Amino acid sequence: MSEQKNPLPLAGIRVVEFTHMVMGPSCGMLLADLGAEVIKVEPVNGDNTRRLPGSGSGFYAMFNRNKKSLAVDVKQPAGREAVLRLLATADVFSENFKPGTMEKLGLGYEALSKLNPRLIYVSHKGFLKGPYDQRTALDEVVQMMGGMAYMTGPEGRPLRAGASVNDIMGGIFGAIGAMAALRTRDTTGRGQQVESSLFENNVFLMGTHMMQYAVTGKPAKPMPSRVAAWAVYDVFEARDGGQIFLGVVSDTQWRLFCDAFGLAALKASPRLATNPQRVAEREWLMPQLRAVMATYSADEISTRFEAHGLPFAPITQPHELFEDEHLRESGGLAPVHIAPDASGAQADLDTRTPLLPLMLDGERLGVRSNPPSIGEHTAALLRELGYSADEIKALESQQIIHDGEG
Ligand SMILES: CC(C)(COP(=O)([O-])OP(=O)([O-])OC[C@H]1O[C@@H](n2cnc3c(N)ncnc32)[C@H](O)[C@@H]1OP(=O)([O-])[O-])[C@@H](O)C(=O)NCCC(=O)NCCSC(=O)C[C@@](C)(O)CC(=O)[O-]
């Protein structure tokens, strides 16, 4: 486990979260990585994402490190009572259930702000206030209705982006809102409601395309059918089948590119001296460049691009990042232990996980504790709230809590 040299900025802040899937858990992970004590309240059989098969099997393992787990059935009066006692001690509450679910459980904003007026209440939903705000939503849903799927796929074939971008952004905005509200509370002494959403994130991400339309009157075209503003700006296929992107965004870079591959005639050609000329000549130019690149291996191309200071990238699959030299040496991936009940896997697993893409005072924010097992901290938290060993046992035998301390 990592030892931080620097004090963590949110040390001393207690967050209680009712979260599942991606958006709420990613908000809590951000706050936990920054040093907050984050207590995840889960049903007695655990958050559903602990058991998701296939593409969902990484959700729990990725977004729940540095947290504690309190497994309690809040639909039972004694379970709710325990959670209310805990919430009286909390600074932040965070949730991402469907509209009305928290209110049904007696954990809506009105009720909790009366219980604890200093509490900051963060809701992550599909939509902010407006005609759609009672709808349930997934990242995919808002990508489809928010222009992103249209922009990502080829013309007429909407395609979702390759990551849960709106979910993760929703978590980031929820955490920014929580931190801003903590700052306000320092002066007013009062908590407030913070709301973040999937759809509005997606609209924000579409902002450049919307503004392009406002400025030019022309609707933005899907990315695959766009004529890039630059040439060369393409993916090349190497002799060994590797693929490498190169983006030449200045005339200096064009000359460096020619130098890298001994293309003296193209470098001297007056038809190609400026970027607008190269864009206009793309159909004539690119087959020549593709033919040159196809005579080199992917490693040779990368080495030459790098030596000439060009912006390039080998096309990489996510699993290949585990072997990335930069991440290995810079400590961008940290060791983590995943228990079977945190992944749905058959056995314990030691692996590495991406850290927040952030450094504070020259230091990454590490994994201080592994994603917890179901109810790993239930008994310790209840003891802290004044429950006796007998009371804890009784709650366990009535299946109101799950004590996973053992
Ligand atoms: C995600 C949905 C749609 C699911 O919606 P849902 O499953 O219909 O309902 P829910 O999430 O409100 O609640 C689940 C149940 O768990 C209960 N519950 C919970 N905790 C406890 C506890 N401790 N004790 C006892 N009960 C508990 C809770 O009370 C409720 O009981 P019910 O009302 O059904 O009887 C909904 O939650 C929602 O709209 N959330 C807000 C928006 C959101 O976060 N959406 C993101 C979804 S994830 C995603 O988008 C990624 C995905 C799927 O697209 C995949 C990808 O991108 O790769």
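Predicted, not measured: the structure shown is a model, and the values here were computed from it. Numbers here simply count residues along the sequence, with the first being 1.
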### Query
Does a side chain donor of either Gln277 or Thr274 reach within less than 3.5 Å of an acceptor in the other side chain?
yes

### Task
Could you go through the salt bridge (Lys or Arg N to Asp or Glu O under 4.0 Å) check for Glu300 and Arg304 one step at a time?
CA-CA 6 Å; Glu300 285 163 351; Arg304 287 177 188 227; over 6 Å; no

### Query
Would you say the side-chain atoms of Thr316 pair up with the backbone N or O of Pro314, donor to acceptor, closer than 3.5 Å?
yes

### Query
Taking side chain as C-beta onward, heavy atoms only, is Ile39 less than 4.5 Å from Val15?
no

### Message
Taking the side chain as everything from C-beta on, heavy atoms only, tell me whether Arg157 gets closer than 4.5 Å to Pro154.
### Response
yes

### Message
Taking Val235's backbone N and O only, do any of them form a donor-acceptor pair with Arg290's side chain (distance below 3.5 Å, no angle check)?
### Response
yes

### Ser113 side chain vs Tyr109 backbone, donor-acceptor pair below 3.5 Å
yes

### Task
Check whether the side chains of Thr89 and Arg14 place a donor and an acceptor atom closer than 3.5 Å, and report yes or no.
yes

### Message
Measuring centre to centre across the rings, with the benzene-like ring taken for any Trp, is Phe236 within less than 6.0 Å of Phe245?
### Response
no

### Task
Would you confirm whether the ring centroid of Phe173 sits within less than 6.0 angstrom of the ring centroid of His124?
no

### Query
When you look at Met145 and Tyr132, which way does the side chain to side chain contact (heavy atoms under 4.5 Å, CB included) test go after all the steps?
CA-CA 12 Å; Met145 69 190 283; Tyr132 305 153; 3.7 Å; yes

### Min side-chain heavy-atom separation Phe59-Val22 under 4.5 Å
yes

### Query
Taking the side chain from Asp33 and the backbone from Val367, do they hold a donor-acceptor pair closer than 3.5 Å?
no

### Query
Can you name the closest pair of heavy atoms from Phe63 and Met29 and give their distance?
O-CB, 3.5 Å

### Message
Do His308 and Phe257 make a side-chain contact, defined as non-hydrogen atoms from C-beta onward lying under 4.5 Å apart?
### Response
no

### Query
Got Arg185 and Asp91 here, is their nearest side-chain heavy-atom distance under 4.5 Å?
yes

### Message
Using salt bridge (Lys or Arg N to Asp or Glu O under 4.0 Å), reason through Lys67 and Glu17 one step at a time and then give a plain yes or no.
### Response
CA-CA 10 Å; Lys67 297 183 186 176; Glu17 66 168 43; 2.9 Å; yes

### Query
Is there a donor-acceptor pair closer than 3.5 Å between any side-chain N or O of Glu396 and the backbone N or O of Asp403?
yes

### Query
When rounded to the nearest 0.5 angstrom, what distance separates CD1 in Ile13 from CG in Leu31?
9.5 Å

### Query
Does NZ or CZ of Arg278 fall inside the cone over Tyr233's six-membered ring, less than 6.0 Å from its centre and within 45° of the axis?
no

### Query
Could you give the distance from OG (Ser297) to CD1 (Ile301), rounded to the nearest 0.5 Å?
7.0 Å

### Query
What are the two closest non-hydrogen atoms of Ile392 and Ala379, and how far apart are they?
CD1-O, 3.8 Å

### Query
Is there a donor-acceptor pair closer than 3.5 Å between any side-chain N or O of Glu320 and the backbone N or O of Gln317?
yes

### Task
Determine whether Glu140 and Met148 make a side-chain contact, defined as any pair of heavy atoms from C-beta on separated by less than 4.5 Å.
no

### Query
Closest heavy-atom contact between Pro99 and Asp133?
CG-O, 3.4 Å

#### Entry: Spatial distance of atom CG (Asp348) from atom CG (Asn370) [nearest 0.5 Å]
10.0 Å

### Query
Would you say the side-chain atoms of Asp350 and His337 include a donor-acceptor pair closer than 3.5 Å?
yes

### Query
So, Lys40 side chain and Asp47 main chain: donor-acceptor pair closer than 3.5 Å or not?
no

### Message
Are there over 12 heavy-atom neighbours, none belonging to Met211, within less than 6.0 Å of that residue's CE?
### Response
no

#### Entry: Distance-minimising heavy-atom pair for Val44 and Ile400
CG1-O, 3.6 Å

### Query
Between Glu376 and Ser373, is there a donor-acceptor pair closer than 3.5 Å when you use the side chain of the first and the backbone of the second?
yes

#### Entry: N/O donor-acceptor pair under 3.5 Å between Asn66 side chain and Arg368 backbone
yes

### Message
Taking Asp341's backbone N and O only, do any of them form a donor-acceptor pair with Arg50's side chain (distance below 3.5 Å, no angle check)?
### Response
yes

### Ile374 and Asn45, any side-chain heavy atoms less than 4.5 Å apart
no

### Task
Assess the side chains of Glu95 and Tyr121: does a donor N or O sit below 3.5 Å from an acceptor N or O?
no

### Query
Ring centroid separation for Phe18 and Phe93, is it under 6.0 angstrom?
yes

### Query
If you count the non-hydrogen atoms of other residues, nucleotides and ligands that lie under 6.0 Å from CZ in Arg239, is the total more than 12?
yes

### Query
Which pairs count as side chain to side chain donor-acceptor pair (under 3.5 Å) when at least one residue sits in residues 194-212, sequence neighbours excluded?
Lys129-Glu195, Asn166-Asn202, Ser197-Glu200

### Step-by-step side chain to side chain contact (heavy atoms under 4.5 Å, CB included) determination, Met169 to Leu205
CA-CA 10 Å; Met169 249 179 92; Leu205 288 172; 3.5 Å; yes

#### Entry: Spatial distance of atom CD (Gln4) from atom CG (Leu360) [nearest 0.5 Å]
9.0 Å

### Query
So which heavy atom on Ala178 is nearest to which on Val122, and how close?
CB-CG2, 3.9 Å

### Spacing of OG1 belonging to Thr378 relative to NE2 belonging to His402, to within rounding of 0.5 Å
7.0 Å

### Message
Are Phe199 and Phe204, when compared by the centres of their aromatic rings, separated by less than 6.0 Å?
### Response
no

#### Entry: Where Lys75 and Leu105 come nearest, the two heavy atoms and their spacing
CG-CD2, 3.7 Å

### Message
Rounded at 0.5 Å granularity, tell me how far CG in Leu159 sits from CE in Met151.
### Response
13.0 Å

### Query
Side chains of Asp167 and Ser26: does their closest heavy-atom pair fall under 4.5 Å?
no

### Task
Mind running side chain to side chain contact (heavy atoms under 4.5 Å, CB included) on Leu198 and Met23 for me, showing each step along the way?
CA-CA 8 Å; Leu198 295 172; Met23 185 159 49; 3.7 Å; yes

### Query
Just wondering, more than 12 heavy atoms not from Gln399 lying within 6.0 Å of its CD?
no

### Message
With a 6.0 Å cut-off (strictly less than), is the heavy-atom count around CD of Glu306, excluding the residue itself, greater than 12?
### Response
no

### Query
What class does the angle between the rings of Phe261 and Tyr296 fall in, given that below 30° is parallel, 30 to 60° is tilted and above 60° is perpendicular?
perpendicular

### Task
Give the C-alpha distance, both sets of side-chain angles, the deciding distance and a yes or no for side chain to side chain contact (heavy atoms under 4.5 Å, CB included) between Leu10 and Glu37.
CA-CA 8 Å; Leu10 295 183; Glu37 179 197 21; over 6 Å; no

### Query
What pairs with Arg271 under salt bridge (Lys or Arg N to Asp or Glu O under 4.0 Å), at least two apart in sequence or on another chain?
Glu281

